[in-house]
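Worth knowing before you read on, the calculation uses all heavy atoms, side chains too, and leaves out hydrogens, waters and symmetry mates. Nothing fancy with the numbering, it's 1 onward along the sequence.
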Amino acid sequence: MLSIGTLSAGQAASGYYQSEGYYIAGSPEAEQSAIYHGKAAEEAQLTGQIDDARFADLLDGQTPDGRTLGRYRNGERQHRAGLDLTFSAPKGVSIAALIGGDTRIIAAHTAAVKEALDYAEANLIQTRRMVSGELIRETGGKTIAGIFQHDTSRALDPQLHSHAVITNIVKDSTGTYRSMANDRFFQNGRIDGRVSTTIFLGQLYRNAFAEKLEALGYQNYSRENGLFDIKGIPQNLIDEFSKRRKEIEASLKERGMESNSYNSQLAALATRASKKPVERGELRAAWEAEVKALGIDMDQVLRDAQTPRSPDRIPDPDQLAARAVNYAVSHFAERNAIYARAAVVDKAMKYAPNVTARAIDAELAHQVKDGYLFTLERPEGQFLTDLQNVRTERENIYLMTSLKDREVLDMRTMYNRATGRTSDSAVQKKLADTSLTAGQKEAVALALSSRSGVVGVQGYAGTGKTYALATAVRMAEARGYSIDGLAPSHKAVSALGEAVPEVRTVQSALVRYENGANLGDKSNTILVVDEASMLSSEAMQRVLMMAEGAGYARTVLVGDIKQLEAVDAGSAFRSLQEAGMPTALMSDIQRQRTEAGKETVLAAISGDITRAMEGVSEITEVGGDNAAEKRAAIASELAKTYLSLPTDQREATGLIVLTNALRHEVNATIQNSLWLSGAIGGERVELATLAPKYFTQAEASEIGSYKMGDIVVSPVAAKESGLTSNALYEVTGIDRMDRKLTLTAPDGEAVTLDLHWKSRVAQKLIVFGAETQEFLQGDLVKFKITDRENGIVNSAEGTLIKVGSETFTVKTAQGERLTIPNDSLAAKGMQLAYATTAHDFQGSTVDQVLLGMSSTEQLTDQKSFYVALSRMRDATHLVTDDAGKLTDRIARNTGERVNALEALAEEKDRQKTPDEARTDAAVKAAKEVFRTLSEKEKSWVQNDPSRDANRDDQTGAKEAGKNAREEDRQLSLLDEAKAQIERDQKTRDERSR
């Protein structure tokens with residue numbers, strides 16, 4: 001693993017980096033454990049063993065050329081000493097090296113640390129310098145670093161690790177020594193805008209180390225989260241020498257904190273013991289005594305760890321790298337049309353611990369060359385997209401455009417036909433007699449227009465889309481057409497059902513069609529897809545293929561590109577609009593009951609966040625020194641505000657947050673407060689519930705994704721594996737070496753799954769983490785797992801009116817009373833619902849919104865802000881840690897996801913030469929001018945090359961609505977554009993010759 005911290009001036013002066021209390025000062029071990037590293041060190045002839053005094057000077061900012069770095073404040077020089085990157089070997093590896101005495105492992109460890117430092121030097125180290133009066137950041141500075149090897153934990157267990165101390169002296173491209181800009185290492189530092197620096201460098205080190213261990217004859221096996229260890233080290237030996245880890249786990253348990261990397265680092269700091277020098281011979285004797293007490297033969301352990309694999313079990317390195325890259329790309333491409341290259345490298349290394357970053361880079365280059373992947377240079381770093389996403393987006397546009405300008409509906413009465421009225425004019429005449437808004441009329445008219453097989457309705461939140469659809473349904477049915485409705489969620493299905501008689505979820509309709517169900521004659525049926533902006537590119541493709549294959553008369557896509565989008569890859573609804581899909585705009589907001597409220601929502605839509613924030617009814621700021629404290633303060637304030645409302649106002653208030661972590665905290669606080677006040681009560685019942693892990697298909701087929709105790713559900717029965725549909729299987733065995741997962745059914749029968757990234761069975765699995773929740777009579781709840789046997793669909797809401805040891809009774813939002821077993825699927829998916837996320841609340845309407853948003857939360861963007869604001873009829877009360885910073889963050893982050901074709905077009909523009917860019921600009925200008933000309937003018941420009949001799953034609957054009965001066969200006973622009981095109985073409989021809 002890797003931890004990153006700053007080295008203080010005090011630590012530097014004390015020699016912390018040199019001995020850290022583990023080696024006796026001046027001992028041979030201490031002297032041999034410190035070496036220089038870095039390009040600037042080499043150029044300054046700082047090589048080999050570190051001189052303590054010289055290194056202390058470097059940490060103090062004294063450069064090799066005699067300068068002293070630092071800033072002076074109030075007459076005092078200030079200078080950061082440097083960074084401490086601590087690379088730690090796996091426990092089994094440490095035991096083999098330090099107790100087993102295999103010094104080759106130590107050399108391999110040091111070599112892997114150097115590889116990680118080389119990557120950091122080339123890609124992460126930055127300096128600031130002035131260029132033409134502008135302060136710029138330069139990446140890839142040369143460093144002076146020291147690698148200090150240590151071999152014990154604070155509990156004096158064998159723990160091979162190295163402190164890589166990078167001094168705050170960086171040599172830039174001009175050869176000047178400067179201080180380091182270390183943003184990429186701290187403040188949630190990221191590589192390519194996505195991957196944590198700490199995680200990536202740690203993974204790079206582990207994979208390089210694992211490869212070197214394999215070369216030494218050791219067999220590695222994968223653990224969770226990209227970790228690894230060597231095979232053959234007994235678990236009881238690892239447990240015996242993991243005292244420090246036990247201290248950290250005990251500290252976390254005592255504090256009720258989750259065991260993750262961030263909390264573990266906090267616990268490690270809180271439980272640090274004092275450091276004492278120790279004589280190495282005594283320590284090794286103590287280790288050997290512990291091994292002997294366990295009855296373990298260390299020589300035999302090393303032989304077991306280096307047992308050669310049979311030839312058929314040795315993977316081909318190139319094939320393994322290809323599989324790792326394919327897995328990583330499959331994972332990211334499912335959720336994103338473009339994705340950070342570094343994220344792909346990191347994920348691929350986690351998949352295959354023996355594959356180095358070099359091998360991954362080579363495979364990526366190979367796939368780019370073969371056209372399976374495409375490289376994208378973006379402001380936040382290097383990204384990739386893939387052929388599958390590109391093809392899907394192109395297919396969607398093709399399916400839409402192939403149905404454009406085609407006669408599809410005839411809405412005329414017999415009288416209309418007799419009088420020669422067109423279908424479209426008949427619809428317009430009918431709409432003129434309604435009370436619909438202008439936007440609603442436009443939407444209905446387009447939905448029922450005579451032409452185009454696929455049309456869109458872009459409707460902002462609260463513009464009355466459901467009411468407009470109900471009108472369209474009545475008018476269509478009056479002319480012999482029927483309407484089928486689709487929506488992406490059960491909640492959206494319920495809302496669409498208020499206007500459309502036959503509605504299904506998108507997924508259920510696709511499953512029926514793709515499994516050969518007879519849908520009947522659809523030639524007189526209009527397919528309406530609500531919340532179309534929530535469809536991924538792949539889902540949109542399947543819907544459009546179904547619509548075409550089943551023969552639907554028309555497909556009407558209804559959505560809002562400003563609201564939250566699909567979880568999976570692609571903004572298909574926006575992409576189709578940009579590709580020319582006939583689209584009606586509904587912008588006449590009806591939901592807000594005051595003009596001020598409407599203006600606030602319109603400001604959010606337009607991206608004027610400052611004006612939108614000014615329209616928020618009330619803003620409460622809370623304090624906190626870090627993200628966890630701020631989250632707790634926001635949760636407390638939200639709960640207090642919600643509980644201060646009268647009961648009837650609570651029912652009309654939407655309590656919205658962005659993250660599940662904040663939702664859990666708010667719900668727990670409200671429940672406890674209501675219980676203490678007596679508002680809810682009865683027996684506290686603890687239920688075993690499930691928290692979705694939201695695995696991608698690739699993750700579901702990867703052994704490293706699973707933990708003991710996870711719950712696995714297969715939506716359909718799988719003959720090849722023996723899995724029963726919708727049964728709850730517990731993970732009871734994980735063989736990471738052979739990638740086999742053991743699942744135990746409720747009846748105790750065990751099933752073994754052979755996992756690999758193309759496993760069709762595994763890709764369909766839904767995986768949950770097991771947890772427990774307490775419920776009380778009177779709690780507001782929501783269900784997140786469909787349980788048709790007990791009458792529950794996903795997103796159903798209700799109030800608990802009775803809670804028992806075996807069953808509970810819920811009164812649903814529709815007034816139905818259901819008694820449900822505590823061990824049912826419905827119970828497993830039940831959660832408190834006082835607060836909900838913006839994603840879950842999309843589509844709802846309330847009188848008042850109580851909104852919690854942090855200025856540091858990654859999900860804080862314009863889409864989530866707009867969705868939350870637009871739910872209210874009357875008012876919004878915002879609780880945040882810093883309103884000013886929140887406003888700035890929302891203004892910067894649109895939440896808009898880039899499509900693959902969009903990114904490729906931007907990349908193509910970026911790669912154009914200046915001549916090509918000028919040519920494109922000229923062509924664009926010419927097209928824009930040509931677009932504004934009348935049809936007579938267009939014909940004249942296209943067909944008459946001697947315009948000067950045809951002033952009569954120009955006069956005719958003027959009579960068509962253009963005066964002579966404006967026409968001459970347009971013709972001049974065309975002449976200029978054509979001349980530029982000819983000049984640039986001539987230049988390219990000369991270059992090619």
Side-chain angles (χ1 to χ4, degrees), residues 224 334 489-490 504-505 507-508 510-512 514-515 517 685-736 738-773 775 781-796 804-810 818-831:
E224 69 281 357
E334 183 177 327
S489 67
H490 288 287
R504 288 180 174 272
T505 63
Q507 186 61 28
S508 66
L510 291 175
V511 168
R512 288 182 70 236
E514 291 167 357
N515 281 286
V685 174
E686 188 178 82
L687 295 184
T689 57
L690 301 176
K693 289 203 165 185
Y694 302 112
F695 284 170
T696 62
Q697 290 184 7
E699 284 177 312
S701 62
E702 162 55 13
I703 191 71
S705 302
Y706 294 86
K707 292 183 178 180
M708 296 290 285
D710 281 350
I711 302 298
V712 174
V713 176
S714 177
V716 295
K719 292 181 181 179
E720 56 267 54
S721 65
L723 294 178
T724 303
S725 65
N726 293 322
L728 302 178
Y729 290 86
E730 182 181 353
V731 176
T732 53
I734 303 175
D735 183 346
R736 301 191 189 279
D738 291 330
R739 296 184 180 273
K740 293 185 184 297
L741 193 68
T742 302
L743 306 176
T744 301
D747 62 4
E749 183 179 353
V751 176
T752 299
L753 291 184
D754 186 2
L755 296 187
H756 52 88
W757 79 274
K758 285 188 176 182
S759 167
R760 301 184 71 178
V761 172
Q763 288 176 356
K764 294 177 182 178
L765 298 180
I766 303 172
V767 185
F768 301 89
E771 59 182 26
T772 58
Q773 294 185 69
F775 295 96
V781 295
K782 174 178 284 190
F783 297 89
K784 299 298 291 181
I785 301 177
T786 295
D787 183 355
R788 299 197 180 280
E789 183 179 340
N790 286 292
I792 293 295
V793 296
N794 192 340
S795 297
S805 58
E806 295 183 358
T807 63
F808 62 88
T809 302
V810 60
L818 302 173
T819 298
I820 301 172
N822 289 357
D823 60 355
S824 64
L825 268 178
K828 299 290 185 185
M830 188 166 66
Q831 58 184 223

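Just one of L765, V751, L753 meets the side chain to side chain contact (heavy atoms under 4.5 Å, CB included) condition when paired with Y729; it is V751.
Contact between S705 and D710 at its shortest, heavy atoms only, is O-OD2, 4.3 Å. Residue I711 comes nearest to L690 through the heavy atom pair CG1-CD2, 3.5 Å, listed as atom of the first residue, atom of the second, then distance. Closest approach of K828 and D823 over heavy atoms only: CE-O, 4.1 Å. For the pair L723 and L743, the tightest heavy-atom approach, listed with the atom from each and the gap, is CD2-CD1, 4.1 Å. Across every non-hydrogen atom of P715 and I766, the tightest pair is CG-CD1, 3.7 Å. Pairing each heavy atom of A826 with each of D787, the nearest pair is N-OD2, 3.0 Å.
Counting only distance, with no hydrogens or angles, the side chain of D747 and the backbone of E749 share a donor-acceptor pair below 3.5 Å. Checking side-chain atoms of N822 against main-chain N and O of A827 turns up no donor-acceptor pair under 3.5 Å. Judged by distance alone, the side chain of E702 and the main-chain N or O of G704 form a donor-acceptor pair under 3.5 Å. Side chain of N794 to backbone of S489: no donor-acceptor contact under 3.5 angstrom is found.
Contact of the L755 side chain with the K740 side chain is not registered, since no non-hydrogen atoms from C-beta on lie closer than 4.5 Å. The side-chain heavy atoms of I734 and L741, taken from C-beta on, include a pair separated by under 4.5 Å. By the 4.5 Å heavy-atom criterion applied to side chains, E699 and K693 are not counted as neighbours. You'll find the side chain of D754 stays beyond 4.5 Å of the side chain of V761, heavy atoms only. You'll find the side chain of I820 reaches within 4.5 Å of the side chain of V810, heavy atoms only. A 4.5 Å side-chain heavy-atom check between L687 and Q773 finds every atom pair outside the cut-off. Residues K707 and V731 are not in side-chain contact: their nearest non-hydrogen atoms beyond the backbone lie 4.5 Å or more apart.
In this structure, E771 places its CD atom where more than 12 heavy-atom neighbours from other residues, nucleotides or ligands lie under 6.0 Å away. Within 6.0 Å of atom CD in E514, more than 12 heavy atoms from other residues, nucleotides or ligands are found, so the atom counts as buried in its surroundings.
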- request: Dump the intermediate steps for side-chain contact (heavy atoms from CB on, under 4.5 Å) on V793 and R788, then the final yes or no.
  value: CA-CA 7 Å; V793 296; R788 299 197 180 280; 3.9 Å; yes
- prompt: After noting the C-alpha distance and the side-chain angles of F775 and V781, does the key distance pass the side-chain contact (heavy atoms from CB on, under 4.5 Å) rule?
  reply: CA-CA 9 Å; F775 295 96; V781 295; 4.0 Å; yes
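To the nearest 0.5 Å, the span separating CD1 on I792 from CG on L825 amounts to 11.5 Å. Atom CD of Q697 is separated from atom NZ of K764 by 9.5 Å, given to the nearest 0.5 angstrom.
The aromatic rings of F695 and Y706 stand perpendicular to each other, their planes meeting at an angle above 60°, with 30° marking the opposite boundary.
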